[in-house]
Amino acid sequence: MPAGGYTRMFERILRHTNIKVMLQTQWHEIREMIPFRRVIYTGPIDEFFDYRFGRLRYRSLRFEHVTLDREMAPNLSPL
């Protein structure tokens with residue numbers, strides 16, 4: 001654990017003059033305006049690459065709930 005805790009660590013990181021936090025910002029609208037060597041992008045990876053491979057399927061999960069007509073189902077892990 002960092003001295004002072006993670007909150008203090010992130011407060012110090014975000015106060016650094018070389019770091020600019022941009023919330024509620026669309027990447028495709030600003031990427032040409034911002035000079036950078038490295039970027040931490042936290043949005044959907046397919047959006048970062050302009051959907052060149054379409055919308056990636058990993059972005060959605062589909063849960064199927066099944067009700068078995070049994071008194072007790074076998075002890076299985078969810079898939």
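When hydrophobic clusters are built by joining Ile, Leu, Val, Met, Phe, Trp and Tyr residues whose side-chain heavy atoms come closer than 4.5 Å, directly or via intermediates, V39 is not grouped with V21. Using a 4.5 Å cut-off between side-chain heavy atoms of Ile, Leu, Val, Met, Phe, Trp and Tyr, with links allowed through other members, I40 and M22 fall into different hydrophobic clusters.
Of the possible donor and acceptor atoms, none in the side chain of D46 sits under 3.5 Å from a partner among the backbone N and O of R55.
Scored by the ring pair (Phe, Tyr, Trp, His ring centres under 6.0 Å) test, F48 finds W27, Y41 as partners (sequence neighbours excluded).
Between the CG atom in N18 and the CZ atom in R37 there is a gap of 9.0 Å [rounded to 0.5 Å]. Taken from CD in E29 to CD1 in I34, the straight-line distance is 12.0 Å, to the nearest 0.5 Å. Distance check, rounded to the nearest 0.5 Å: CE of M1 to CE of M9 gives 10.0 Å. Atom CD1 of I30 is separated from atom CZ of F36 by 8.5 Å, given to the nearest 0.5 angstrom. For the atom pair CG of D50 and CZ of R31, the computed distance is 4.0 Å after rounding to the nearest 0.5 Å.
No side-chain heavy atom of R12 sits less than 4.5 Å from a side-chain heavy atom of T7.
Minimum heavy-atom separation, I13 to I19: O-CD1, 3.2 Å. When all heavy atoms are compared, the tightest approach of T25 to L23 is OG1-O, 2.9 Å.
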